[in-house]
Amino acid sequence: MIDSRAHSPAPRLMIAGALLVLTLAALGLRVWRLGEVPAGLHFDEAAHGLLVEGTIFRGEFPVFFSSYTGHEALYHYTLAPILALLGPSILAARLPAALWSATLVPVVYLLGARLWSWRVGLMAAVATACGSWLVHVGRIGFRANTLPVVSALAVFFLHRAFLTQRRREWIASGAIFGLSLYTYLAARALPLFGLLLLIYLALLHRDLLRRSGRGIGWFALALAIVAAPLIYHMIRVPSDLLERTRQIGVAEAAATSWPRLMLDQTWATLKMFGVSGARDGFFNLPYRPVFPGVLQIPFYAGV
């Protein structure tokens with residue numbers, strides 16, 4: 001996070017060409033027969049289109065959609081112009097997800113190159129462009145496709161902010177982290193990682209934390225400004241804050257045995273990455289894990 005060691009210079013022209021090829025390849029993998037594969041229309045894909053037609057196309061611009069178990073709004077605002085251009089269709093419902101997913105390729109490169117080296121960034125971009133799970137999810141019109149792009153950009157600028165201590169980097173990172181709250185439900189876990197980062201810095205890098213005090217203030221201010229409309233909405237409609245969590249939470253599913261259920265679900269999720277994925281062919285190749293073969297080794301080593 002705070003490593004400022006100089007990396008070997010990247011051959012810029014080669015990297016730019018490689019990223020262009022990888023991004024176009026990623027887009028091709030995601031848009032080929034997009035209206036046909038996967039077959040059918042998922043409930044969430046249909047809900048996104050209905051929400052756009054019932055609100056944005058009627059001149060309403062909510063920051064959060066309460067209908068259909070609650071939807072963060074960013075994906076819908078990228079869906080709206082495509083629906084207006086192409087009309088209601090499966091292709092139009094999924095195309096924003098494909099574009100977001102392909103955009104992740106250069107963003108992952110930037111983050112990998114910033115944290116480690118341009119070689120690591122390029123390897124990560126290759127995996128992002130061609131990984132079967134990312135390709136598959138990028139072909140489904142889910143708003144979750146927005147979260148990796150926005151959160152990776154936020155981390156990229158946060159790292160730059162700690163190294164440079166420039167105000168604009170702190171503000172950019174805070175604003176983008178604020179924007180991530182409009183992407184998908186899982187973004188609400190990001191404050192936990194922020195707390196863990198502060199604890200880490202307090203224990204091991206106190207000088208850096210002291211130097212960054214003013215910058216962290218600018219970060220928090222930018223985040224609060226961008227997140228303010230959503231916070232105001234949640235204060236006005238508090239049921240939107242916890243409704244989806246309540247529906248899928250393990251405590252609700254099994255009030256008397258939720259610790260055991262949580263352990264079972266955690267174990268099943270860990271196996272998903274390297275042993276066996278879900279059998280539902282709509283969301284992935286049946287039973288295929290996220291990381292095939294030796295690629296699972298660094299994941300489990302990290303865990």
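If you read the sequence from its start, that first residue is 1, and numbering goes on from there.
For Phe291 and Tyr300, the ring centers sit 6.0 Å or farther from each other.
Without hydrogens or angle criteria, Arg160 side chain to Glu169 main chain gives no donor-acceptor distance under 3.5 Å. Remark: side-chain polar atoms of Asp240 are not paired, donor with acceptor, to backbone N or O of Gly70 under 3.5 angstrom. Without hydrogens or angle criteria, Tyr182 side chain to Val226 main chain gives a donor-acceptor distance under 3.5 Å. A distance-only check finds no donor-acceptor pair linking the side chain of His136 to the backbone of Gly131 [under 3.5 Å]. Side chain of His233 to backbone of Pro229: no donor-acceptor contact under 3.5 angstrom is found. A distance-only check finds a donor-acceptor pair linking the side chain of Arg30 to the backbone of Ala26 [under 3.5 Å]. Ser89 places a side-chain N or O within 3.5 Å of a backbone atom of Ala92 that can act as its donor or acceptor partner. The backbone N or O of Phe177 lies less than 3.5 Å from a partner atom in the side chain of Ser180, making a donor-acceptor pair. Side-chain N or O atoms of Ser151 include one that pairs as donor or acceptor with a backbone N or O of Leu147 at under 3.5 Å. For Trp116 (side chain) and Gly121 (main-chain N/O), no donor-acceptor pair under 3.5 Å exists by modelled atom type.
Distance CG/Leu104 to OG1/Thr146: 11.0 Å, rounded to 0.5 Å. In this structure, CG on Leu91 lies 10.0 Å from CG on Leu83, to the nearest 0.5 angstrom. Annotation: the span from Leu34 atom CG to Ile140 atom CD1 amounts to 10.0 Å, rounded to 0.5 Å. Put simply, CZ on Phe157 and CZ on Phe162 are 15.5 Å apart, with the number rounded to the nearest 0.5 Å. In this structure, the separation between CG on Leu99 and CD1 on Ile82 is 5.0 Å, given to the nearest 0.5 Å. Atom CH2 of Trp100 sits about 6.0 Å away from atom OG1 of Thr78, to the nearest 0.5 Å.
Contact annotation: the side chain of Phe273 never approaches that of Gln296 to less than 4.5 Å [non-hydrogen atoms, C-beta and beyond]. Contact check for Leu197 versus Leu158: side-chain heavy atoms found under the 4.5 Å cut-off. Counting heavy atoms from C-beta outward, Phe142 and Tyr184 have side chains that stay 4.5 Å or more apart. The side-chain heavy atoms of Phe156 and Ile176, taken from C-beta on, include no pair separated by under 4.5 Å. Residues Phe64 and Glu72 are in side-chain contact: their nearest non-hydrogen atoms beyond the backbone lie under 4.5 Å apart. Using a 4.5 Å heavy-atom threshold, the side chains of Val107 and Leu111 count as separate. Residues Arg114 and Leu110 have side chains not in contact (no heavy-atom distance under 4.5 Å, counting atoms from C-beta outward). Using a 4.5 Å heavy-atom threshold, the side chains of Pro88 and Glu53 count as touching.
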Report the C-alpha separation of Gln165 and Leu208 in whole Å, then their side-chain angles, then the decisive distance to 0.1 Å, and conclude whether the side-chain contact (heavy atoms from CB on, under 4.5 Å) test is met. CA-CA 10 Å; Gln165 294 295 325; Leu208 176 62; 3.9 Å; yes
Could you walk me through whether Trp118 and Met14 satisfy the side-chain contact (heavy atoms from CB on, under 4.5 Å) test, starting with their C-alpha distance in whole Å, then the side-chain angles of each, then the deciding distance to 0.1 Å, before giving a yes or no? CA-CA 11 Å; Trp118 68 268; Met14 184 199 80; 3.5 Å; yes
Could you go step by step and tell me if Met272 and Thr269 meet the side-chain contact (heavy atoms from CB on, under 4.5 Å) rule? CA-CA 5 Å; Met272 174 189 76; Thr269 301; 4.2 Å; yes
Please lay out, stage by stage, how Phe61 and Ile56 fare under the test side-chain contact (heavy atoms from CB on, under 4.5 Å). CA-CA 6 Å; Phe61 304 100; Ile56 298 175; 4.0 Å; yes
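Taking every heavy atom of both residues into account, Ala102 and Thr23 meet most closely at O-CG2, 3.8 Å. Here the shortest heavy-atom pairing between Val135 and Leu29 reads CG1-O, 3.9 Å. Considering all non-hydrogen atoms of both residues, Ala154 and Ser173 come closest at O-OG, 3.1 Å. Ala187 and Leu181 get closest at one heavy-atom pair: O-CD2, 3.9 Å. Considering all non-hydrogen atoms of both residues, Tyr75 and Ala93 come closest at OH-O, 2.9 Å. Nearest heavy atoms, Ala222 versus Ala175: CB-N, 3.7 Å.
Residue Arg188 qualifies as enclosed at atom CZ: its count of foreign heavy atoms under 6.0 Å is above 12. More than 12 non-hydrogen atoms from other residues, nucleotides or ligands lie less than 6.0 angstrom from CZ of Arg166. The number of heavy-atom neighbours closer than 6.0 Å to OH of Tyr232, taken from other residues, nucleotides and ligands shown, is 12 or below. Around atom OH of Tyr77, more than 12 heavy atoms belonging to other residues, nucleotides or ligands sit under 6.0 Å away.
Val137 and Leu41 fall into different hydrophobic clusters, defined by Ile, Leu, Val, Met, Phe, Trp and Tyr side-chain heavy atoms under 4.5 Å apart, directly or through other members. Linking Ile, Leu, Val, Met, Phe, Trp and Tyr whenever their side-chain heavy atoms come within less than 4.5 Å leaves Leu85 and Val52 in two separate clusters.
Residue pairs meeting the side-chain hydrogen bond (donor to acceptor under 3.5 Å, both in side chains) criterion with at least one member in residues 123-132, sequence neighbours excluded: Ser132-Arg288.
By the side-chain contact (heavy atoms from CB on, under 4.5 Å) test, Leu209 pairs with Leu198, Leu201, Ala202, Ile216, sequence neighbours left out. In this view, Arg139 satisfies the side-chain hydrogen bond (donor to acceptor under 3.5 Å, both in side chains) rule with no residue, not counting sequence neighbours.
Between Asp207 and Arg211, no side-chain nitrogen of the basic residue sits less than 4.0 Å from a carboxylate oxygen of the acidic one, so the salt-bridge criterion is not met.
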